[in-house]
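As the structure is a prediction and not an experimental result, all values here were calculated from the model. Side chains included, hydrogens not; waters and symmetry mates left out as well; all remaining heavy atoms used.
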Amino acid sequence: MNDGITVVAISPGFYATDLTAPLRADAQKNAALMAQTPMARWGKPEEIGGLARYICSDGASFMTGTDILMDGGWTAQ
């Protein structure tokens with residue numbers, strides 16, 4: 001039986017938000033994190049929003065049971 005329910009997770013990396021402001025403001029910690037992030041930048045919250053909109057669209061209607069990493073390459077190392 002198919003109830004049309006899909007399950008997709010988004011696993012973000014380091015994003016520039018109010019909660020991460022202290023980390024970003026600490027030059028040493030910021031440099032250490034960016035050295036471990038292949039894209040060498042903080043993610044933007046609207047980037048997650050774009051993916052969330054897609055996941056909720058008809059274009060992703062056949063996508064289920066997966067986790068999408070949005071971490072600037074952190075886990076690909």
Side-chain angles (χ1 to χ4, degrees):
M1 174 190 238
N2 181 341
D3 294 326
I5 298 170
T6 61
V7 179
V8 179
I10 300 172
S11 291
F14 295 98
Y15 278 75
T17 67
D18 291 343
L19 292 175
T20 61
L23 257 171
R24 290 181 285 120
D26 184 315
Q28 197 170 32
K29 289 179 182 177
N30 185 47
L33 284 173
M34 293 303 100
Q36 294 294 316
T37 305
M39 292 190 79
R41 69 173 180 85
W42 289 80
K44 301 172 192 167
E46 56 270 20
E47 292 171 310
I48 294 175
L51 176 58
R53 279 190 302 279
Y54 172 70
I55 290 169
C56 294
S57 75
D58 289 340
S61 63
F62 200 59
M63 181 186 294
T64 191
T66 192
D67 181 16
I68 302 172
L69 303 170
M70 287 193 74
D71 64 1
W74 180 275
T75 56
Q77 302 183 65

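No side-chain heavy atom of T6 sits under 4.5 Å from any side-chain heavy atom of M63. L33 places a side-chain heavy atom less than 4.5 Å from the side chain of L23. Put simply, the side chain of N30 reaches to within 4.5 Å of the side chain of W42, judged on heavy atoms.
Residue pairs meeting the salt bridge (Lys or Arg N to Asp or Glu O under 4.0 Å) criterion with at least one partner in residues 43-53, sequence neighbours excluded, are R41-E47. For residues 14-26, the set of pairs meeting the salt bridge (Lys or Arg N to Asp or Glu O under 4.0 Å) definition, not counting sequence neighbours, is empty. Applying the side chain to side chain donor-acceptor pair (under 3.5 Å) test to every pair with at least one member in residues 59-77, sequence neighbours left out, gives these pairs: S11-D67, D71-T75.
Of the possible donor and acceptor atoms, one in the side chain of Y54 sits under 3.5 Å from a partner among the backbone N and O of G59.
Under the 4.5 Å side-chain heavy-atom criterion for grouping Ile, Leu, Val, Met, Phe, Trp and Tyr, F14 is not connected to M70 through any hydrophobic cluster.
For the residue pair T17 and P45, the shortest heavy atom distance occurs at CG2-CG, 4.0 Å. Between I48 and P12 the shortest heavy-atom distance is CD1-CB, 3.7 Å.
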Could you go through T20 and Y15, starting from their C-alpha distance and side-chain angles, then the distance that decides it, and tell me whether this counts as side-chain contact (heavy atoms from CB on, under 4.5 Å)?
CA-CA 7 Å; T20 61; Y15 278 75; 5.8 Å; no
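Here CG of L69 is found 11.0 Å from CD1 of I10. Values are rounded to the nearest 0.5 Å.
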